[in-house]
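Report on the structure given below.
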Amino acid sequence: MVYENLLITCIVLLLGKEAFAKGAIYLTTKNGTFPIMLTSFKSHDSSTSGDTPKILSAIANNLSRDNIDGHWDKISGVLFSSFLNDTNDKNNANLWKTKRSINDAVSKNITLVLENLLKNYENSQLPTHGKGYPTVVQTNILIRSMGPVSELDMDYSMDCYFRQYWRDTRLSFLGPIRSLSLSIKMLERIWRPDTYFYNGKHSYVHTITVPNKLLRISQHGDILYSMRLTIKAKCPMELRNFPMDRQSCPLILGSYAYSNQQLVYQWQNSQSVNFVPGMTLSQFDLISFPYRNFTFTRREGDFSVLQVSFNLQRHTGYFLIQVYVPCILIVVLSWVSFWIHREATSDRVGLGITTVLTLSTISLDSRTDLPKVRYATALDWFLLMSFFYCIATLLEFAGVHYFTKVGSGEIVIDDSEWEDLIEEVGGDAFAARQLAVRRRSSVRSGNNFSFSTANENHDQTDLTQKPEQTAVRLTMERTTQTEVRVPRWRQLLYCLAGDDQYRRQRQREAGNRGHINSVSHIDKAARVLFPASFALLNFFYWMIYALSNDTFAWSDNPINTLSH
């Protein structure tokens, strides 16, 4: 290869002992000639000057026009190989020191070389300006950490090393050093791509203790520009299956001003997106991270864009422990009221209200970290189902209360009457209550008997019976009468309509039964129906949401979706 922009001629002046002691290397470029002083040559003895013709001959043979691309390594290699062939071991050690001195001298003058290269450098022009083809920028990312992923703000953040590679032949050079690691101050003096993140929200370069940037230039003008970034980017989420959902969070980057006719982005290789070993996320599993190149059309033209999508699957363990299991236990707790006696009104109502309020607290807490979306998530449906069962438990007791509560044994007794009953039975409260029930039943039975004999003209001999015997006989007759006179479905309609006439009839029937510890048929049915239906709904719930896995596909216009 023949370099047209940079011609380097190494002229070694070996004109005797004094001249060799003051030896120098002159670098000649199209912009001028400048010396590199080699002060370390002063220590050579006079025997070295005798080898001058051999050295000059070796250099002349290797500085032809066709071999000008031999670089400094070849030139210095020939120089020192000539010495090694004609000197003893002592001189060999001195020559290696001389070679190292040349490299040290060139390294100390790197700034001078760069200043010479950048003398006529235009950093506002692309490296391929005027050549008819675009500049290619190759990219790779090494992700150090990722998270958190916020559902409330619909974004995510990550810490990464972001690297870009491109070739600028205007910065090519020849010398013993294959690449130069330069200060970041050089970034202001050379051209670099105007890369930005389409879906970025708040990204920044780490600056502690110094700006975390790296600039490296090779002999052929290949440039490596690396920086450590913390990127916070948008992640549009679909939360219908939350918390059994999968999310795809994209990262889209490209040029802000240069179209694809001027600048083209490419992923460097098949390992362009990589992770530090052992990296994990707190709430998600990383399923895959596919990446691609595509063209995005804007009003200004077509732009080359790179995209990588981080496909995530949420962990459900936290929500099982904090939401699902407590909700199930609270619903089961509300069913305890089915085994509490129907006369314990305050106990059953208090238990039902407590479960409803507890579910309300869990529901509000679970929605704290979620956005106010217009649709119901899977967690919302489960909480609504739990609410339904807790409220249905209260409504079930309302039905039990309507049918059997009033007149079924809960008798209002004055304080004075209660004291007399306690004294009569010897201090037993339960016996006193039973005595009050029997007395009330006897009075109501006597009234019912007198009313029925007056209308139906019963035999007068029945009126001569003792009142207590008549009351017991009629009470037993009324007790044996069942509720089949009114069909169940009609009873339900009466309950929903609030029929006062039917309610009073039920009160009279319940007051004549003379027992208070009967179990409601509604409670007996609820003990079976509620658990069975709740288990069935849970089965369908988990079958629908846990087994339905969303598939990930490339969006035709991923940047347009990020604007919503």
Side-chain angles (χ1 to χ4, degrees), residues 107-108 110-111 113-115 118 121 123-124 137-166 168 171 177-218 222-235 247 249-257 263 265 267-269 271-284 286 289 291 305-310 312 369 562:
S107 299
K108 292 178 181 179
I110 288 176
T111 303
V113 174
L114 292 175
E115 289 291 342
L118 296 174
Y121 186 89
N123 60 2
S124 62
V137 177
Q138 296 182 338
T139 304
N140 69 59
I141 301 176
L142 175 62
I143 300 175
R144 303 177 66 251
S145 63
M146 192 171 183
V149 181
S150 174
E151 296 84 6
L152 184 61
D153 299 325
M154 289 196 178
D155 58 23
Y156 70 99
S157 60
M158 65 178 183
D159 183 10
C160 67
Y161 296 122
F162 181 67
R163 307 184 182 103
Q164 299 178 89
Y165 303 84
W166 70 93
D168 192 345
L171 299 177
I177 300 177
R178 297 185 180 276
S179 63
L180 302 176
S181 295
L182 305 179
S183 171
I184 60 173
K185 294 181 179 179
M186 288 295 298
L187 289 172
E188 303 297 330
R189 304 185 62 181
I190 66 173
W191 179 90
R192 60 186 185 277
D194 57 342
T195 307
Y196 87 107
F197 299 100
Y198 280 78
N199 59 327
K201 294 181 66 176
H202 178 64
S203 304
Y204 60 90
V205 180
H206 291 256
T207 58
I208 304 299
T209 57
V210 294
N212 298 170
K213 294 182 179 181
L214 168 67
L215 179 63
R216 184 174 296 166
I217 303 177
S218 70
D222 294 328
I223 300 176
L224 165 61
Y225 179 32
S226 176
M227 65 188 80
R228 182 186 172 191
L229 298 176
T230 291
I231 302 172
K232 189 174 184 180
K234 293 180 181 179
C235 179
Q247 303 297 339
C249 295
L251 180 65
I252 303 175
L253 58 98
S255 173
Y256 187 82
L263 188 63
Y265 284 86
W267 291 111
Q268 187 179 21
N269 50 43
Q271 301 294 328
S272 295
V273 180
N274 212 337
F275 295 84
V276 173
M279 193 210 75
T280 57
L281 286 82
S282 60
Q283 294 187 25
F284 293 89
L286 182 63
F289 45 95
Y291 43 89
V305 178
L306 301 182
Q307 176 184 1
V308 55
S309 295
F310 303 101
L312 309 173
D369 297 330
L562 296 173

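Residue numbers run from 1 in the order of the sequence given. FYI, side chains are in, hydrogens and waters are out, and symmetry mates aren't considered; it's all heavy atoms of this structure.
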Margin query: Test your reading of the model: is there a side-chain donor-acceptor pair from Asp194 to the backbone of Ala257, 3.5 Å cut-off?
Written below: yes
Note to self: Is the shortest side-chain heavy-atom distance between Asp159 and Leu229 below 4.5 Å?
What the structure shows: no
Note to self: Among Tyr256, Tyr204, Phe162, exactly one meets ring-ring contact (aromatic ring centres under 6.0 Å, His included) together with Phe197. Which residue is that?
What the structure shows: Phe162
Note to self: Can a donor-acceptor pair be found, under 3.5 Å and without considering hydrogens, that links the side chain of Ser203 to the backbone of Gly200?
What the structure shows: no
Item checked: Gln271 side, atom CD; Leu142 side, atom CG - distance, nearest 0.5 Å -> 11.5 Å
Notebook entry, point to check: Going by heavy atoms in the side chains, are Leu286 and Leu312 under 4.5 Å from each other?
Noted result: yes
Notebook entry, point to check: Is it true that a side-chain atom of Asn199 and a backbone atom of Pro250 form a donor plus acceptor pair closer than 3.5 Å?
Noted result: yes
Next item on the list: For Thr207 and Asn212, run side-chain contact (heavy atoms from CB on, under 4.5 Å): C-alpha distance rounded to whole Å, both residues' side-chain angles, the deciding distance at 0.1 Å, then the answer.
Entry: CA-CA 6 Å; Thr207 58; Asn212 298 170; over 6 Å; no
Margin query: Run the side-chain contact (heavy atoms from CB on, under 4.5 Å) test on Leu224 and Trp166 for me, step by step, so that the C-alpha distance in whole Å, both residues' side-chain angles and the decisive distance to 0.1 Å come before the verdict.
Written below: CA-CA 7 Å; Leu224 165 61; Trp166 70 93; over 6 Å; no
Next item on the list: Could you pull out the closest heavy-atom pair between Cys235 and Tyr156, with the gap in Å?
Entry: CB-CD2, 3.7 Å
Check: If you round to the nearest 0.5 Å, how far is OG of Ser150 from NZ of Lys232?
Finding: 7.5 Å
Notebook entry, point to check: Do you know which two heavy atoms are closest between Tyr265 and Pro193, and how far apart they sit?
Noted result: OH-CB, 3.8 Å
Next item on the list: Indicate yes or no: at least one non-hydrogen side-chain atom of Ser179 is less than 4.5 angstrom from one of Arg216.
Entry: yes
Margin query: Closer than 3.5 angstrom, by distance alone: can the side chain of Asn123 be matched with the main-chain N or O of Glu188 as a donor-acceptor pair?
Written below: yes
Next item on the list: Kindly compute the distance separating CG (Leu251) from CD (Gln307), expressed to the nearest 0.5 Å.
Entry: 9.0 Å
Item checked: Pair Lys234 + Asp155, salt bridge at N-O below 4.0 Å -> no
Notebook entry, point to check: Hey, does Tyr165 have a side-chain heavy atom less than 4.5 Å from the side chain of Asn140?
Noted result: yes
Notebook entry, point to check: Quick one: CD1 on Ile231 to CE on Met146, what's the gap to the nearest 0.5 Å?
Noted result: 10.0 Å
Item checked: Close side-chain approach of Leu306 to Thr139, heavy-atom, < 4.5 Å -> yes
Note to self: I'd like to know if the side chain of Tyr161 pairs up with that of Arg144 as donor and acceptor (distance under 3.5 Å, no hydrogens or angles considered).
What the structure shows: yes
Note to self: Determine whether Leu214 and Met227 satisfy the following criterion, side-chain contact (heavy atoms from CB on, under 4.5 Å), listing intermediate values before the conclusion.
What the structure shows: CA-CA 6 Å; Leu214 168 67; Met227 65 188 80; over 6 Å; no
Check: Do any N or O atoms from the side chain of Arg192 and from the backbone of Leu187 form a donor-acceptor pair under 3.5 angstrom?
Finding: yes
Checklist line | Full working for side-chain contact (heavy atoms from CB on, under 4.5 Å) between Val149 and Gln247 | finding: CA-CA 10 Å; Val149 181; Gln247 303 297 339; over 6 Å; no
Check: Do Tyr198 and Tyr196 make the cut of ring centroids closer than 6.0 angstrom?
Finding: yes
Note to self: Nearest 0.5 Å, please: how far is CD in Gln164 from CD1 in Ile223?
What the structure shows: 11.0 Å
Item checked: Spacing of Cys160 atom SG and Arg228 atom CZ [to the nearest 0.5 Å] -> 9.5 Å
Notebook entry, point to check: Hey, does Leu118 have a side-chain heavy atom less than 4.5 Å from the side chain of Leu171?
Noted result: yes
Notebook entry, point to check: Do Ile141 and Phe275 touch side chain to side chain, with heavy atoms closer than 4.5 Å?
Noted result: no
Margin query: A side-chain contact here means heavy atoms from C-beta on lying under 4.5 Å apart; do Thr195 and Ser255 qualify?
Written below: no
